[in-house]
Amino acid sequence: MTGAPASATGGTGATPVRGGKLGTAAVNQASLWNIANLLTMARLVLVPGFVVLLLHNGGYDPAWRSFAWAAFAVAMITDLFDGHLARTYNLVTDFGKIADPIADKAIMGAALICLSYLGDLPWWVTGVILFRELGITVLRFWVIRHGVIPASRGGKMKTLSQGIAVGMYVLALTGPLATLRFWVMAVAVVLTVVSGLDYVRQAVVLRRQGLAAERSAAAQEAVEAAAEAPGGAEGPDRISGSSEARGAARTSEARGAAEAER
C-alpha cells in the first residue's frame, strides 16, 4: 500500500524540495496512517465480521447472508480504492506492500472455506483457488531479488471473476441465479488455473534472466579484477589474452549450441 509523505517530526506530509535529495527522501517517507493503509486495515477488520455474519444462525439465514454479502462487497470495493489511491498519489509504505495482499487473500480465503464448510461449494474448488494463491505468493518471494512480475490481464480477470462468483455464493440464491453462479465459478476456476500457470512461466523466465545477468556481472568483475592485478607492463597483454580466450570460449559455445539444435 502507499502512504502520504511524512515529515521529520512524523505526522503530516512534508513539501518535497524540487530537484534535491531532501525532496526525494521526503517523497519516499510514507506515513503509516494514510487513507490507503486505513482502507487495507478496514478490510482486515472486516474478515472476522464477515465470517460471523455468514455463519450466524447456522449459516442458512437469507437475511444474515445478505449482511455477509454486504461486508464482502465492501471489502472488495476497498481493495479497488486503496490500490487506485496508491497508484494515483504514489503513496508507498512497507506495511501496505505486506498487508494489502494478506487482506485480499484473507477475505477470499475466509469466504471460500466458510462456503465449503456450509456445503455450498465443493472443497476441491476451495483447494484449487487457495493452492494457487499461496503458490503464487511463494513464487513472488522466489524471484523477488530478480524483479517483480506485473499483474497481467488474466490475473485481473481472475480476481474479478472470483469476487463475483464468491459474492453470488454468499447470497442465498435459488433457481436460474443459482445455476448462473455455478458457471461463473467455473469460469473463475479456469482463469485461476490458467493465470497461475502463466505466472509460473513468467517467474521461471525472470529467474533465468536474473541468474544470467548475475553470472555476466560476476564474469565482468573477474575480468576487471584480473586486469587491475599487479603485473606492470604485462597488464595490456593479459587483457588481450583474456579477450582472446573469451572470444574462443564464446565461439566454442556457439558451435556446441548449433550442434545441439541439429
Side-chain angles (χ1 to χ4, degrees), residues 40 43-44 46-47 50-51 54-55 59-60 65-66 68-84 87 100-144 146-209:
T40 299
R43 192 157 73 255
L44 285 169
L46 276 174
V47 174
F50 163 78
V51 172
L54 182 58
L55 299 181
Y60 298 103
R65 291 190 71 148
S66 297
W69 177 87
F72 182 80
V74 170
M76 293 294 99
I77 292 172
T78 58
D79 181 30
L80 297 177
F81 273 103
D82 61 12
H84 175 72
R87 292 186 297 270
D100 184 58
I102 290 176
D104 297 341
K105 291 173 176 57
I107 188 67
M108 184 61 67
L112 291 168
I113 292 173
C114 288
L115 290 171
S116 293
Y117 170 78
L118 294 172
D120 294 338
L121 192 65
W123 276 106
W124 70 265
V125 173
T126 296
V128 167
I129 295 177
L130 293 184
F131 177 79
R132 187 268 188 194
E133 297 303 327
L134 293 176
I136 295 306
T137 300
V138 172
L139 277 178
R140 286 195 178 102
F141 285 104
W142 187 50
V143 301
I144 193 169
H146 302 296
V148 177
I149 300 177
S152 64
R153 182 175 299 179
K156 295 177 181 178
M157 292 176 61
K158 177 271 302 180
T159 302
L160 177 62
S161 62
Q162 281 184 2
I164 294 174
V166 171
M168 294 179 72
Y169 269 88
V170 170
L171 288 172
L173 300 177
T174 58
L177 289 177
T179 303
L180 176 62
R181 73 182 182 182
F182 168 82
W183 291 109
V184 175
M185 180 59 76
V187 171
V189 171
V190 171
L191 289 175
T192 296
V193 174
V194 172
S195 62
L197 293 175
D198 181 64
Y199 199 102
V200 171
R201 179 191 63 80
Q202 294 186 64
V204 171
V205 171
L206 180 61
R207 187 171 187 272
R208 287 178 178 174
Q209 292 175 346

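These numbers come from the heavy atoms of this one structure, side chains and all, not from hydrogens, waters or symmetry mates. Starting from 1, each residue takes its place in the sequence as its number.
- Contact annotation: the side chain of Gln162 approaches that of Met108 to within less than 4.5 Å [non-hydrogen atoms, C-beta and beyond].
- Separation of atoms CH2 (Trp123) and CG (Leu115) is listed at 9.5 Å; rounding is to 0.5 Å.
- Each of Arg132, Arg153, Lys156 was compared with Ser195 under the side chain to side chain donor-acceptor pair (under 3.5 Å) criterion, and only Arg132 meets it.
- Shown here is Met157, whose CE atom has no more than 12 heavy atoms of other residues, nucleotides or ligands within 6.0 Å.
- At a threshold of 4.5 Å between non-hydrogen side-chain atoms, the residues Leu54 and Leu118 count as touching.
- Within the structure, salt bridge (charged side-chain N to carboxylate O under 4.0 Å, His left out) pairs that include any residue of residues 189-199 comprise Asp198-Arg201 (at least two apart or interchain).
- In this structure, the side chain to side chain donor-acceptor pair (under 3.5 Å) partners of Asp120, at least two apart in sequence or on a different chain, are Arg65.
- Counting heavy atoms from C-beta outward, Ile102 and Thr40 have side chains that stay 4.5 Å or more apart.
- Annotation for Tyr60: atom OH counts as buried by contact number, over 12 foreign heavy atoms lying within 6.0 Å.
- Among residues two or more places apart in sequence or in another chain, the salt bridge (charged side-chain N to carboxylate O under 4.0 Å, His left out) test is passed with Arg208 by none.
- Distance CG/Asp79 to CG/Asp100: 5.5 Å, rounded to 0.5 Å.
- Judged as a ring pair (Phe, Tyr, Trp, His ring centres under 6.0 Å), and not counting sequence neighbours, the contacts of Phe50 are Phe72.
- Rounded to the nearest 0.5 Å, atoms CG (Leu121) and CZ (Phe182) are 10.5 Å apart.
- Ala110 approaches Val51 most closely through the heavy-atom pair CB-CG2, 3.9 Å.
- Contact between Leu173 and Ala178 at its shortest, heavy atoms only, is O-CB, 3.8 Å.
- By the side chain to side chain donor-acceptor pair (under 3.5 Å) test, Ser116 pairs with Thr126, sequence neighbours left out.
- Summarising the geometry of Leu139 relative to Ala203, their closest heavy-atom pair is CD2-CB, 4.2 Å, with the distance given to 0.1 Å.
- Here the closest non-hydrogen pair linking Leu130 and Gly109 is CD2-CA, 3.7 Å.
- Between Val166 and Ala111, the shortest heavy-atom contact is CG1-CB, 3.5 Å.
- Taking CG of Leu177 as the start and CG of Leu171 as the end, the distance is 9.5 Å to the nearest 0.5 Å.
- Side-chain contact between Val143 and Val204 is absent, with no heavy-atom pair separated by less than 4.5 Å.
- Here side-chain hydrogen bond (donor to acceptor under 3.5 Å, both in side chains) pairs that include residues 168-183, with residues two or more places apart or in two chains, number zero.
- Atom CG of Leu44 sits about 9.0 Å away from atom CG of Asp104, to the nearest 0.5 Å.
- When all heavy atoms are compared, the tightest approach of Arg43 to Ala75 is CD-O, 3.0 Å.
- Rounding to the nearest 0.5 Å places CG of Leu160 at 11.0 Å from CE of Met76.
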